[in-house]
Amino acid sequence: KILVTGAFGQIGSELVTKLCDLYGTENVIATDIKEVEHSGPFEQLDVTDGKRLFEIAKKYKVDTIMHLAALLSATAEKMPQKAWDINMGGLVNALEVAKELDLQFFTPSSIGAFGPATPKDNTPQDTIQRPTTMYGVNKVSGELLCDYYYHRFGVDTRGVRFPGLISYVAPPGGGTTDYAVEIYYEAIKNKAYTSYIAERTYMDMMYMPDALEAIVQLMEADPSKLKHRNAFNISAISAAPEDFAKSIQTYMPEFQLDYDVDPARQQIADSWPNKIDSTAATEEWGFKATYDLDKMTKDMLEKIAAKQKK
Ligand code: VAH
């Protein structure tokens, strides 16, 4: 049985569906700070309440925690102290429950765990990590904490450094890479988009189906093959706003892109890599992305158009 925190966020919304399909709805305990309609077991949970998290994990006799509840990079920069409380307080609570109840543990890190001093192209799995955002500090600290709980207490912690994730089910909340989701919705709505990220700003990106498959693959991987744990570089696409526009124009020639750069989010984006190296994930647990930019664009445009029709 799997307890998911942040179950109705951008990743959680689709991960819960995938886990229900794979393991059965009754084996997935969805928790979120928001009260949301859900067909399977649901508990309202603020992850800063460690006692309640423990009670839920015990009540449903879960064997795995997938901890997704967090504030993303742009929001975290607006309220850094709150971001520390939620991102680190929630993580410590979840790790403590995993330790007490001997649970397998997943939480995502991010390309945001890298900073300006990190090599920007083909960023290695093991390299300098001096992020300059609160979100990045949370992600590096989280990686170190998860490795600590593995080495010190034997908790089976595993994680990936997610790139910007693109999806059409639930919107991302306050990320720097959100432009890469907005651009598709605006393409369908207005055949145009004004990007808050400047041209030639390269960042790693991935389509949500590849991200979800990576989580399941990592969690089901043979532990004896894992040389790393928290957290694996994984990416599918390295792109700048004009690359998304060119890809959309393949299917919608009249699409127009222009720019109105947001200095705050541009500064965050500039501190992140252009393209990270996923070799370790491929070698240690067979990671392989299946969506390139054009394949993702085709699916995103079709699925959003279909949603608008409903
Ligand atoms: C963000 N989408 O923009 C998240 C993610 C790599 C980006 O961490 O904050």
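All residue numbers in this chain count up from 1 along the given sequence. Both counts, for ligands and for their atoms, begin at 1 and track the order of listing.
- For the pair Lys298 and Glu302, the salt-bridge criterion is met [side-chain N within less than 4.0 Å of a carboxylate O].
- Only backbone heavy atoms of Phe162 (N, CA, C or O) come within less than 4.0 Å of ligand 1; its side chain stays farther off.
- The aromatic rings of Tyr196 and Tyr179 sit perpendicular, their planes meeting at an angle over 60°, well past the 30° parallel limit.
- Scanning all protein heavy atoms for the shortest distance to atom 8 (O) of ligand 1 gives Tyr135 OH, 2.6 Å.
- In terms of polar-atom proximity, defined here as any N/O pair under 3.5 Å, Thr176 does make such a contact with ligand 1.
- The ligand atoms of ligand 1 that sit less than 4.0 angstrom from a heavy atom of Ile111 are 6 (C).
- Protein heavy atom closest to atom 9 (O) of ligand 1, with residue, atom name and distance, is Ser73 OG, 2.6 Å.
- Counting protein heavy atoms only, atom 2 (N) of ligand 1 is closest to Thr177 OG1, 3.0 Å.
- Figure legend: Lys99 and Phe153 shown as a cation-pi pair, the cationic atom lying under 6.0 angstrom from the six-membered ring centre and within 45 degrees of its axis.
- One finds a salt bridge joining Arg52 and Glu43 here, because a Lys/Arg side-chain nitrogen approaches an Asp/Glu carboxylate oxygen to under 4.0 Å.
- With salt bridges taken as basic N to acidic carboxylate O contacts below 4.0 Å, one links Arg161 and Glu143.
- The part of Pro163 lying near ligand 1 is the backbone, judged by heavy-atom distances below 4.0 Å.
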